[in-house]
Structures are given as C-alpha cells and as structure tokens.
Amino acid sequence: MAIIKAVRGTRDLLPPETELWNRVEATARSVFARYGFGEIRTPLFEATELFARGVGEETDIVSKEMYTWEDRGRAESDKGQSLTLRPENTAGVVRAYIEHHLADSGMLQKLFYIGPQFRRERPQRGRYRQFWQIGAEVLGPQFSGSDSALRDAEVLEMLATLLNELGIKGWRLALNSVGSTDDRQRYSAALREALQPVKHKMCEDNQRRAETNPLRVLDSKEPNDQEIIDALPKIGDFLGEDSRAHFEQVKAALDACGVPYTVDPRLVRGLDYYTRTTFEFTVPDGSGLGTQNALLGGGRYDGLSEMLGGPKAPGIGFAIGEDRLILTLLAQLEAKEPARLDAFVAPMGVAQNPAALKLAQELRAAGLRIEVGDGAFRLRKSFETADKLADKMIIVGEDEVNSGLFTVKTFSKGEQEKIPRAELAEALSFKKVSS
RNA sequence: GCGGCUAUAGUUCAGUGGCAGAACGCCGCUCUGUGGCAGCGGAUGUCGUGGGUUCGAACCCCACUAGCCGCCCCA
C-alpha cells in the first residue's frame, strides 16, 4: 500500500527543531509584551472578498496564489460563499478591529499574532505553502496617535530588539516611503505616463505591470530593464509635505535610538494597502535562505480600514517569516546542542525496573528532566544510550536500592560518586546550574 | 505559473546495459555492575512511481510525483 505523505509544500516540524520554534515564539511574546502588545487570533479562513479588497485584486497573491473554495453549507447564507485560507494576517486583523468596534475605545490598539498562512506557490527552501508568520499591528483612530511617525519608529526599534535577542546576525533594515494614498496615486499615474513611450522595450512582466500596477515595475530585477527604471520619476519628488515630514521624523527617531537603516527608494511592497513607510529586514548571504533573503517586511496602511468598509484607522504592521527566521538561526548557530536531559536512570536487570521507575518519578516530581532505561539491556548499552541523552547516569542496582546510596556517573568529567537518595534531586539540580 | 538540477540502505553518496555497493549509523558477540576505543559477525533496499526499449534496465527513452536551485512574487 502506498504511504501517504504530507502534501506538497507542507511539512512536519519535529523535535528537536520544535524546541527552537518554541524558543523563537517565547522570545517574540516576551518582546511584544514589553512594548504593550496583546495577542489576537483570527480564523484560518475568511471570506475571499476580504483579501480581494484588502490585499489587492491585481496582486499575485490574490490573482493566483490563494487556496479558495466554495462553501457548501446547508443554510442559504452559507451556500456558495467563496472562502479562502488566509494568505496573510493583516487583512484579518483589521477586519476583526472593525467587526468588534475596537475603535470605540478611542485607544491605540497594539495586536500581535503567531500562526500559519497559506499560499499556493512553487515550494522552495524557506518558501512553503503552509508557512508561519509572527506579526504585529498598531492601529486606531487618528486622535489616538496611530498615524504618528513615533509608532513607525517604535515598531522598527522593537524589531531590531527582537532580532538581536534572537541572536540573528548581520540583519539589515531597508526603509522607504511610498507616500499617502494621494501621493501614491499621483506617483503611480506619473509612472504610468513615463512608462507609456518606453514600456514596449521592457520584458513581458514589466509591460503588464506598467498597466496594472506601475509601482511594482520598480521591484523588477530584469537586467535589461534597469536603465529604463533608473530614469523613471522618483517617489521622493511626489511626497506631499505631510508624508515628507512623516518620513523625516521616522528617520530622526531611528537615529536617536541607534537603529541602523538604509533608504531604498525602490522598496515598494507588493500589497496594495501600503502607504507612507515601507520596510524590509534582510539577512546576509550564507544565512540559509539563498536568494529569499527577506526575513520580514511591513509598512504603514493608513487607508486599509476604510477599504474594508470600516472607520478611518491608520496603522502600521509587519510580518516575520518564521520558517525563514528558523532557517537563518539554524544556519547561524555554531553546533546545534541536542536537547539534554538532566539524568538517565539505568536499572540493572529487569528486577530493578520498578525501583528505577519509582526513582524517576521522584526526580521528575522535583522538576528534573529524566529518561529511564530498561533493565533488560546490558549495562554497556545503557551507558551508550545515556551518553546520547544526558550528562549523568544513575545506576539502579540491587546494592543501590538496598543501601539507598546511588551511583551517579558524570560523563563530561568522567567522575563517579555515591549520593544518598534524599539528596539526589538537589545534587542534580545544583550541578545543572553550576555547569 | 516559467526554466534548470536531482531522486539508490536510517543518513551521506558511489555504481552509465550483465549477481545491489561503500562510509557513517543501527543490532549482536568478544565483554551479564562501568560505555565511548578495537576486533569479528549481522540486518539493511518495491534503486521515487508508472509505462516503454532490450535476451537482460538502478543505468537508455517517455510520462508522472516530490525535493532543491533560479525567475516571477513575497515573509
């Protein structure tokens, strides 16, 4: 019978790697808490229209990368509704913000999420069809200060802190401003006009973009088109006074906090909802990601709530590709330390199995991580197994059980000592701290 | 979605038309209360799946599937 495998682009996460995932998520939660963020959990699927309106009908994500199906519920209201596995989480968070009238508190909302997203792309290293994102959003009514440059800088400074605490080395922050919705529209129109006479010289993709979403022409890496792209109007010349001042304030705050960045005028995020500040954190070559070197991205979305039929609620957010973060950490870690237990309990002979299990029970109750061997195995095998799992092995033989004095071997030091039963837990805990 | 590379033991791989291999790992013995070394022995397997060519296919051909690399796009 053919075995059933995880479907293309999905994968199982197993120990010991899951320990790293938990550590990453715990670190993120800890950092988010210090900046006043609370957790939000939105559904894994939403009405297709949410992404069409929020993310943008013309984006690749919506036009060809979504898992979409038609609901077949019995109720009239369910029938035929188009549903989609979420390809990103910002639209869902803003939908929840509107639906639960979070604006009514008048307070700034700071929300973070950790969870899987789904895109039907060609799988590659660091790019899966079910992938995990750690993200956060800051939004609220204008009078809550949600459109302040302070918030942009705070989010960026928080990300720098998070990456540093995780131990990511060599990250770089690329920063840009795409202006207000108006600025963006004027710039987009200017680009379209400037592209009109020259676009026929460009590659097929860029010709299409010139029509549908001219901003994305700037993202193109097509070598033959670079000359034309360099000659196009610059976004900086189209920023209104407000946007320009906003961008200057973001940069000033980052300078004050000592967060390094480089301004990249061609950094235009692909999603339609971005306004003003856009950014991306990348890691150097050799960090395990190949050319997929973007670790996280985000930006400001002052008009998204209104695009979704909600009140005006400027906001800024980001999403970290957790799969990529983990790959980077794995590549940057020296030698991965396997999960170590505090001790391995080795019974001598099956007759000692009950006594060994009882000892393990006591030590585990004291908070120690313990594995128990099997008395049916020869002592040699117990040693070999113990050495793979822990630094210490406790021998449980007839002598030990009778005398209450247990033989404890420490592999790293090659030492062996006898410790009374009552002092075992303490001795193992103490050694753990001192080593 | 487009282009390329790859798929053989648990792992890394060799094998280019004639008996399915190596290293590491695993199991056993030397050695039933002190392992890691050494010696000896053992099991590894639909050669990714399906079809075709051939007396004969892991090897040549076709299709499919999956992984990886690049592009597109994005985290």
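Protein chains get the first letters and strands the later ones, always in sequence-line order, with residue 1 at the start of each. All figures in this text were calculated on a predicted structure; none of them were measured in a lab. Quick note: numbers below take in every heavy atom, side chains included, and nothing from hydrogens, waters or symmetry partners.
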Output the single nucleotide from B:C69, B:G36, B:U34 whose closest atom is nearest the side chain of A:Arg380.
B:G36

Hey, which sits more toward the 5' end of RNA chain B by its nearest nucleotide, A:Thr407 or A:Arg120?
A:Arg120

Base, sugar-phosphate alone, or nothing: which one does A:Leu296 contact when heavy atoms must sit under 4.0 Å apart?
sugar-phosphate

Which of parallel (below 30°), tilted (30 to 60°) and perpendicular (above 60°) describes A:Phe238 and A:Tyr187?
tilted

So what does A:Gln416 hit on the nucleic acid, given a heavy-atom distance under 4.0 Å: a base, only sugar-phosphate, or nothing?
base

So, is A:Arg216 close to the B:C72 phosphate, meaning a side-chain N or O under 4.0 Å from OP1 or OP2?
no

Should B:U6 form a Watson-Crick or G-U wobble pair with both distances under 3.5 Å, which nucleotide is its partner?
B:A66

Full working for salt bridge (charged side-chain N to carboxylate O under 4.0 Å, His left out) between A:Asp230 and A:Arg266:
CA-CA 10 Å; A:Asp230 286 338; A:Arg266 281 167 59 162; 3.0 Å; yes

Base B:G33 to side chain A:Glu400, donor-acceptor N/O within 3.5 Å cut-off:
yes

Tell me what A:Glu280 touches on the nucleic acid: a base, only sugar-phosphate, or nothing, going by heavy atoms under 4.0 Å.
nothing

Just checking A:Gly375: base, sugar-phosphate only, or nothing, at a heavy-atom cut-off of under 4.0 Å?
nothing

What is the nucleic acid contact for A:Gln124, judged by heavy atoms within less than 4.0 Å: base, sugar-phosphate only, or nothing?
base

A:Lys388 has its side chain closest, among B:C26, B:G35, B:A75, to B:C26

Quick one: label A:Ile395 by what it contacts on the DNA or RNA (base, sugar-phosphate, nothing), any heavy atom closer than 4.0 Å.
base

NA contact type, A:Phe318, heavy-atom cut-off 4.0 Å: base, sugar-phosphate, or nothing?
nothing

As a test of reading the structure: which of B:U34, B:G35, B:A75 is closest to the side chain of A:Phe411, going by heavy atoms?
B:G35

Let me know the distance between CD1 of A:Ile394 and P of B:G35, rounded to the nearest Å.
19 Å

Rounding to an integer number of Å, can you tell me how far A:Arg8 CZ sits from B:U65 P?
8 Å

Find the partner of B:A23: check Watson-Crick (N1-N3 plus N6-O4 or O6-N4) and G-U wobble (N1-O2, O6-N3) distances, both under 3.5 Å, and reply none if neither fits.
B:U11

Presence of salt bridge, A:Lys418 and A:Asp399, under 4.0 angstrom:
no

Atom-to-atom span, CZ of A:Arg266 to C1' of B:C74 - whole angstrom
17 Å

Going by the angle between their ring planes, with limits at 30° and 60°, are A:Phe411 and A:Phe383 parallel, tilted or perpendicular?
perpendicular

From CZ of A:Phe377 over to P of B:U34, roughly how many Å is that when rounded to an integer?
19 Å

Which listed nucleotide (B:G33, B:U34, B:A75) is nearest to the side chain of A:Asp399?
B:G33

Reckon A:Gly349 touches a base, only the sugar-phosphate, or nothing at all at heavy-atom distances under 4.0 Å?
nothing

When the distance from CZ of A:Arg172 to P of B:A75 is rounded to whole Å, what number comes out?
19 Å

